[in-house]
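Position 1 is the first residue of the sequence; numbering continues from there.
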Amino acid sequence: MGLRGPKARPPAERFAEKVIATASGCIEWTAGTNWVGYGVFHVDHTGRKVYAHRWAYEQAFGPIPDGFHLDHLCRNTLCCNPDHLEPVTPRENLLRGVGFSAVNASKTHCLRGHPFSDENTYINPNDGSRHCRTCSRERDRARRKVS
């Protein structure tokens, strides 16, 4: 087992064997990934695993601040180039994304054009979803008229 005993290789040496530089400037992870496509690096013989991009960032710049995520500025989840990574809050990371949650979180108005302001927005404590208070009031009035 190449990780134990007197011939154990340093993590940096093993890490370097698992990445490749690309023309775009990314340093892509070529070994195992998790189910969403982030590289997974086995740091030592204890079985401790870390995300490859997080390990690379910490080797270059030190610890990631508590509660922060690393945003891939290049949008490449396999990239381990520390210069392509930026520590951001989870919310900022979400808003910078392109998925369903990011699109909805970046909306400033409801479907009927009412603003998602502090006064006009109800946030469901169970699931965090946002609801327009104006639309809810109008919907409730319409239901009461029908009854």
Side-chain angles (χ1 to χ4, degrees), residues 1 3 10-147:
M1 298 258 180
L3 298 177
E13 184 179 313
R14 291 184 298 101
F15 187 92
E17 294 173 350
K18 300 174 186 327
V19 293
I20 187 167
T22 67
S24 66
C26 289
I27 299 171
E28 288 188 354
W29 185 251
T30 61
T33 61
N34 69 2
W35 66 278
V36 289
Y38 289 96
V40 178
F41 180 53
H42 294 262
V43 178
D44 53 34
H45 70 280
T46 65
R48 186 170 68 101
K49 295 184 281 187
V50 297
Y51 286 123
H53 66 285
R54 290 180 68 89
W55 190 87
Y57 182 90
E58 289 184 337
Q59 297 308 299
F61 300 118
I64 300 162
D66 285 343
F68 278 64
H69 293 183
L70 286 181
D71 181 25
H72 283 86
L73 301 173
C74 57
R75 297 279 157 249
N76 179 355
T77 59
L78 291 175
C79 183
C80 296
N81 184 342
D83 293 329
H84 289 194
L85 304 167
E86 179 182 9
V88 295
T89 63
R91 176 143 178 88
E92 180 66 21
N93 199 29
L94 171 74
L95 292 174
R96 289 181 177 185
V98 294
F100 180 77
S101 297
V103 169
N104 280 328
S106 66
K107 289 180 181 175
T108 59
H109 290 73
C110 76
L111 290 174
R112 291 177 184 79
H114 306 120
F116 276 132
S117 63
D118 289 342
E119 308 81 40
N120 191 46
T121 305
Y122 169 74
I123 298 177
N124 185 325
N126 296 322
D127 62 10
S129 59
R130 294 185 301 175
H131 302 275
C132 173
R133 290 182 189 273
T134 303
C135 289
S136 293
R137 279 192 299 273
E138 290 173 3
R139 194 171 38 256
D140 290 345
R141 282 187 195 122
R143 283 186 191 139
R144 282 192 295 269
K145 282 184 180 179
V146 173
S147 296

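- Within the structure, ring pair (Phe, Tyr, Trp, His ring centres under 6.0 Å) contacts touching residues 81-107 (residues at least two apart or in different chains) do not occur.
- Inter-residue side-chain proximity for T77 and V36 is flagged as unmet; no heavy-atom pair is nearer than 4.5 Å.
- Other residues, nucleotides and ligands place no more than 12 heavy atoms under 6.0 Å from the CD1 atom of I20.
- Residues that satisfy the side-chain contact (heavy atoms from CB on, under 4.5 Å) test with A102, not counting sequence neighbours, are absent from this structure.
- Distance alone, capped at 3.5 Å, places no donor-acceptor pair between the N124 side chain and the H131 backbone.
- Screening residues 90-113 for side chain to side chain donor-acceptor pair (under 3.5 Å), with sequence neighbours left out, gives D71-R96, E86-R96, E92-R96, N104-K107.
- Other residues, nucleotides and ligands place more than 12 heavy atoms under 6.0 Å from the CG atom of D127.
- Separation of atoms CZ (F116) and CD1 (I123) is listed at 9.5 Å; rounding is to 0.5 Å.
- Of all heavy-atom pairs spanning G25 and N81, the tightest one is O-ND2, 2.8 Å.
- Every pair passing side chain to side chain donor-acceptor pair (under 3.5 Å) that includes a residue from residues 113-123 is listed here, sequence neighbours excluded: S117-E119, N120-T134.
- Among residue pairs with one or both ends in residues 51-75, those qualifying as ring pair (Phe, Tyr, Trp, His ring centres under 6.0 Å) are F15-W55, Y38-Y51, Y38-H53, Y38-H72, F41-W55, Y51-H53, H53-H72, Y57-F61; sequence neighbours excluded.
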>> What verdict does the salt bridge (Lys or Arg N to Asp or Glu O under 4.0 Å) test give for D140 and R143, after you've listed the backbone C-alpha separation in whole Å, the side-chain angles of each residue and the deciding distance to 0.1 Å?
In response: CA-CA 5 Å; D140 290 345; R143 283 186 191 139; 3.5 Å; yes
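- Atoms CZ and CG, on R54 and L70 in that order, are 5.5 Å from each other to the nearest 0.5 Å.
- Smallest separation of non-hydrogen atoms from C80 and A56: O-CB, 3.3 Å.
- Rounded to the nearest 0.5 angstrom, C132 SG and L111 CG are separated by 9.5 Å.
- In the model, S136 has no side-chain atom that pairs as donor or acceptor with a side-chain atom of R133 under 3.5 Å.
- Of all non-hydrogen atoms in T30 and V19, the two that sit nearest each other are OG1-N, 4.0 Å.
- Residues T33 and L78 approach most closely at CG2-CD2, 3.7 Å, considering heavy atoms.
- Under the side-chain hydrogen bond (donor to acceptor under 3.5 Å, both in side chains) criterion, E138 pairs with no residue, sequence neighbours left out.
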